[in-house]
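Structure first, then comments.
We count ligands from 1, going down the list as the structure has it; atoms in each ligand are counted the same way.
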Amino acid sequence: MKPARTARHWLLSLFPTSTALVVTFALVIAFILLVGERWVEERRSLLDEVEMQATLVGANVSIALAAGDPQMGNEMLAAMAKAPDIQSTGLYGPEGELFAHYDREKPSTLPQTSPSVGHVFTSGQLLITVPVAYSGVEDIGTLVVVASLDGIYDSMLYFVASLLGTIGVASLLGVMVTGGLRDRMKRAEHDLHLLALYDRVTGLSNRYAFELAIEQTVLRHQRDGGGSALLFIDVDGFKKINDRFGHASGDLVLQEIGRRITYTLRAADVVARLGGDEFGAILVNTSNPADAAHVAENLVREAARPFLMGAASAHIGFSIGIAMLPDDGEAAATLMHHADLAMYHAKSLGKSNYQFFSDTLDNAVRRRLDIEEGLRRAIRDRELSVMYQPQLADPGGVPLGIEALVRWIRPDGSSITPAEFIPVAEESGLIADIGDFVLQQVCDDITALRQRGLAVPTVAINLSGRQFLRRSFAGDMMRTLHASGLTPSDIEIELTESVLMDRLDEYRQIMADLSASGVKIAIDDFGTGYSSLSYLSKLPVSKLKIDQSFVQELPHKASSRSIVTGIISMAHALGLRVVAEGVETEAQAACLLENGCDLLQGFCIGRPMPLKQLAELLPQGGKRA
Ligand code: C2E
Ligand code: CA
Ligand code: CA
């Protein structure tokens with residue numbers, strides 16, 4: 001980039017001088033050649049003309065010489081007065097003595113004795129000497145004609161003047177044309193410059209200019225000390241605006257975002273659009289992280305104000321990552337990388353917030369990227385498997401429900417928990433593949449168990465919100481079940497309470513469709529999402545799963561005990577079954593059963609286990625597939 005710009009500047013700066021020099025040089029050469037050629041031409045034609053006159057006059061005047069009559073010679077020569085260029089003419093005798101002559105002006109310009117035959121150009125004059133013959137007798141004398149060169153000079157002067165005039169006009173035209181060209185080049189250069197440094201949509205600096213500004217900031221820090229904050233700002237929900245309102249409106253929103261960022265910062269700060277829905281800012285002379293945090297807070301607040309799109313309004317958020325110079329890096333590249341990591345972290349924390357870079361964050365993000373990469377391979381190379389955890393009505397009884405839990409065991413034997421990789425899978429879009437795999441595996445396993453004559457209760461599958469929202473979800477699920485020869489009632493879906501409450505309106509229809517086709521729905525992690533039970537009861541839900549956090553505080557913690565007993569009795573009143581999750585001790589199990597909990601799930605009941613082990617828990621008597 002840089003060298004190209006320099007080269008352009010160089011070319012441009014050379015343009016007026018070098019081109020003009022070349023043009024001038026060419027003009028001078030052409031001028032000299034033209035004038036020289038014209039000079040030679042003029043002289044030749046004068047010579048031809050005068051020579052012809054001399055020959056003519058010589059032939060006529062020879063009679064005077066032959067007659068020895070100088071008077072006659074003088075009179076005949078006087079006729080030359082009619083030729084304007086002729087200054088003098090002299091008739092010379094055989095000995096070279098002047099015999100007769102004509103002079104336009106005194107004193108005479110004729111030599112005293114005849115020069116030899118031929119011609120000579122002196123300053124201002126052409127002197128021609130021709131032999132004179134009479135009646136076949138050669139060389140009875142000579143005739144000398146002296147012509148003035150004034151005529152040539154005049155004509156040359158005229159020629160040079162008109163030539164110079166032509167050159168002048170041509171040069172003027174040339175200057176005008178090249179001047180226009182130069183202006184155009186300058187304008188193009190200016191445009192290129194703008195294009196190279198500014199974002200077309202928002203008019204803010206672009207990524208290139210932003211990187212230059214960061215380098216400048218780093219240099220200033222090295223020279224003068226002091227700190228600065230680097231902010232990477234990701235716009236949450238911009239894609240939705242683009243999809244819903246179109247790109248033109250999207251551009252308007254981007255412009256408004258740029259304005260809001262700009263007026264939230266100080267004039268000396270730098271704001272840039274880094275591309276897509278990413279912006280950047282440098283808070284110069286900001287060494288206190290608290291100041292940067294304050295600015296970030298203001299930015300998050302600014303983003304939260306709705307964007308009016310005609311009658312409708314759009315909502316976005318900012319996920320901001322902050323890296324401090326010099327604490328989080330003293331090189332531009334490091335700072336940018338760290339601000340980027342912090343932004344990524346902010347995004348993963350649920351958006352509309354800001355995060356500072358930290359070393360642990362670096363590790364966390366690294367691990368996350370590692371997981372995302374590994375996950376693609378895991379799906380392809382079948383590193384995923386499914387474990388089953390039984391749900392029992394009392395310890396030692398038969399499973400009345402089963403929860404399918406996905407497992408990822410890497411080729412080196414290490415495992416990554418779903419709590420860690422499911423969120424990554426959601427964000428990277430890989431969750432759909434994982435969901436498809438789990439459902440298919442569960443169908444295959446149920447079929448395999450039934451083929452052994454075992455009674456298989458409903459198997460619960462966990463679904464993330466993202467998966468559930470896929471438009472084709474219900475249809476895809478039915479197709480898979482049908483293809484495996486299973487009925488919808490063989491499967492239960494677990495949705496967490498918080499995911500459900502987040503987008504209830506969007507889920508309601510899908511839930512109704514699923515439930516209508518016979519698929520049961522359980523609310524997972526109940527008690528953490530602050531939803532009201534009566535509200536939930538209006539949804540097609542058949543089961544509640546009390547979150548582990550309450551169960552684990554049983555039986556000693558009174559508040560948990562009353563929450564759990566409250567949930568159980570209210571759920572029963574609404575016709576829902578209750579499962580307690582994370583039952584780890586017999587005391588917990590006893591407490592739950594005393595309070596009427598329908599099913600228990602947890603380590604003390606049965607850990608998540610492979611299919612083979614699950615099969616040992618299931619009674620015979622199922623319908624044979
Ligand atoms: P969850 O749905 O709440 O699943 C219960 C989690 O509690 C499981 O963790 C299970 O192994 C663990 N657990 C069971 N009994 C006990 C106990 O007595 N004590 C303790 N401390 N933990 C117990 P897991 O398998 O690591 O799964 C974690 C989460 O990952 C799940 O929470 C679920 O939200 C998600 N998940 C698991 N499998 C899938 C899947 O196939 N698809 C989706 N979308 N999410 C899944
Ligand atoms: Ca679950
Ligand atoms: Ca749970």
Side-chain angles (χ1 to χ4, degrees), residues 371 375 378-379 383-392 395 399 401-409 415-445 458-470 473 477 480 491-500 502 507 520-529 541-554 564 567 578-589 591-592 597 599-611 613-614:
I371 287 177
L375 207 48
I379 295 165
E383 290 171 21
L384 299 180
S385 58
V386 176
M387 297 275 247
Y388 297 97
Q389 189 175 31
Q391 299 167 343
L392 276 59
I402 298 168
E403 178 173 8
L405 295 160
V406 71
R407 290 292 173 264
W408 177 13
I409 299 168
S415 63
I416 296 174
T417 66
E420 202 174 355
F421 72 78
I422 292 289
V424 180
E426 285 209 307
E427 232 167 67
S428 56
L430 292 168
I431 192 69
D433 295 324
I434 294 179
D436 290 347
F437 162 76
V438 171
L439 179 62
Q440 187 60 58
Q441 188 65 50
V442 165
C443 289
D444 292 351
D445 288 349
T458 304
V459 178
I461 289 175
N462 291 284
L463 279 190
S464 72
R466 191 75 180 258
Q467 247 173 305
F468 196 54
L469 270 186
R470 198 168 68 184
F473 174 75
M477 184 168 170
T480 307
I491 297 288
E492 186 174 66
I493 279 169
E494 290 192 9
L495 280 172
T496 67
E497 183 193 10
S498 51
V499 160
L500 187 64
D502 240 18
Y507 288 169
K520 280 176 248 141
I521 299 171
I523 303 296
D524 206 351
D525 300 349
F526 187 77
T528 55
V541 169
S542 55
K543 226 187 219 177
L544 280 193
K545 298 187 77 177
I546 303 177
D547 191 66
Q548 316 197 348
S549 55
F550 302 110
V551 174
Q552 256 140 42
E553 286 168 346
L554 294 178
V564 168
I567 292 175
V578 180
V579 184
E581 276 193 299
V583 184
E584 289 181 352
T585 66
E586 279 170 22
Q588 288 165 355
C591 173
L592 286 158
C597 185
L599 292 168
L600 306 179
Q601 182 184 348
F603 291 170
C604 103
I605 307 297
R607 287 185 174 258
M609 56 188 80
L611 182 74
Q613 209 178 322
L614 175 75

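Within a 4.0 Å radius of atom 7 (O) of ligand 1, the protein has at least one heavy atom. Distance check on atom 41 (O) of ligand 1: some protein heavy atom falls below the 4.0 Å cut-off.
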Where do D444 and Q440 land on the side chain to side chain donor-acceptor pair (under 3.5 Å) test, with the steps shown first?
CA-CA 6 Å; D444 292 351; Q440 187 60 58; 3.0 Å; yes
So V442 and Y388, side chain to side chain contact (heavy atoms under 4.5 Å, CB included) or not? Walk me through it.
CA-CA 9 Å; V442 165; Y388 297 97; 3.8 Å; yes
Show your reasoning for whether side chain to side chain contact (heavy atoms under 4.5 Å, CB included) applies to Q613 and M387.
CA-CA 10 Å; Q613 209 178 322; M387 297 275 247; over 6 Å; no
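The P608 neighbourhood of ligand 1 comprises atoms 11 (O), with distances under 4.0 Å to a heavy atom of that residue. Close contacts of ligand 1 with Q548, meaning ligand atoms under 4.0 Å from a residue heavy atom, involve 5 (C), 6 (C), 7 (O), 12 (C), 13 (N), 20 (C), 21 (N), 22 (N), 23 (C). Which parts of ligand 1 touch D525 is read off a 4.0 Å heavy-atom cut-off, strictly below it: atoms 3 (O). Within ligand 1, the atoms closer than 4.0 Å to a non-hydrogen atom of Q467 are 44 (N), numbered from 1 in the order shown.
What sits closest to atom 38 (N) of ligand 1 on the protein, heavy atoms only, is V406 N, 3.2 Å. If you check which protein heavy atom lies closest to atom 10 (C) of ligand 1, you get L405 CD1, 3.7 Å. Annotation: atom 16 (C) of ligand 1 to nearest protein heavy atom, F603 CE2, 3.1 Å. Closest to atom 15 (N) of ligand 1 among all protein heavy atoms lies Q389 NE2, 2.9 Å. Looking only at protein heavy atoms, the nearest one to atom 20 (C) of ligand 1 is E584 OE2, 3.2 Å. Of the protein's non-hydrogen atoms, N462 OD1, 4.5 Å is the one closest to atom 34 (O) of ligand 1. The nearest heavy-atom contact from the protein to atom 5 (C) of ligand 1 is E581 OE2, 3.6 Å. For atom 24 (P) of ligand 1, the closest non-hydrogen atom on the protein side is P418 CG, 3.7 Å.
Between the CZ atom in F437 and the CD1 atom in I379 there is a gap of 9.5 Å [rounded to 0.5 Å]. The line from CD of Q588 to CD of Q552 is 6.5 Å long, rounded to the nearest 0.5 Å.
At least one donor-acceptor pair closer than 3.5 Å links the side chain of Q467 to the backbone N or O of S464. Between the side chain of D525 and the backbone N or O of I546 there is no donor-acceptor pair closer than 3.5 Å. A donor-acceptor contact shorter than 3.5 Å is absent between the side chain of E494 and the backbone of I523.
Between the Ca ion (ligand 3) and E581 there is an N/O/S contact shorter than 3.0 Å. At a threshold of 3.0 Å, the Ca ion (ligand 2) has no backbone or side-chain N, O or S atom of T496 nearer than that distance. Inclusion of E494 in the first shell of the Ca ion (ligand 3) is not supported: no N, O or S atom falls under 3.0 Å.
Ligand 1 is approached by R407 to a heavy-atom distance shorter than 4.0 Å. Residue contacts with ligand 1 include Q552, since one of its heavy atoms falls under 4.0 Å from the ligand. Heavy-atom distances between T417 and ligand 1 stay at or above 4.0 Å for every pair.
By the criterion of a heavy-atom distance under 4.0 Å, neither the backbone nor the side chain of I461 is placed next to ligand 1.
D524 has its closest N, O or S atom to the Ca ion (ligand 3) at the position named OD1. Atom OE2 is the N, O or S atom of E403 at the shortest distance from the Ca ion (ligand 2). Nearest to the Ca ion (ligand 3), among the N, O or S atoms that D525 has, is OD1.
The residue from L463, I461, L439 that alone fulfils the side chain to side chain contact (heavy atoms under 4.5 Å, CB included) condition with M477 is L439.
At least one N or O atom of E403, backbone or side chain, sits closer than 3.5 Å to an N or O atom of ligand 1. Inclusion of Q601 in the set of residues having an N or O under 3.5 Å from an N or O of ligand 1 is not warranted.
Inter-residue side-chain proximity for V579 and L600 is flagged as unmet; no heavy-atom pair is nearer than 4.5 Å. You'll find the side chain of W408 reaches within 4.5 Å of the side chain of L384, heavy atoms only.
Here the shortest heavy-atom pairing between C597 and V578 reads SG-O, 3.7 Å.
By the 4.0 Å N-to-carboxylate-O rule, R466 lies too far from E426 to be salt-bridged with it.
Side chains of E581 and Q548: a donor-acceptor N/O pair is absent below 3.5 angstrom, by distance only. The closest side-chain donor-acceptor pair between Q389 and Q601 falls under 3.5 angstrom.
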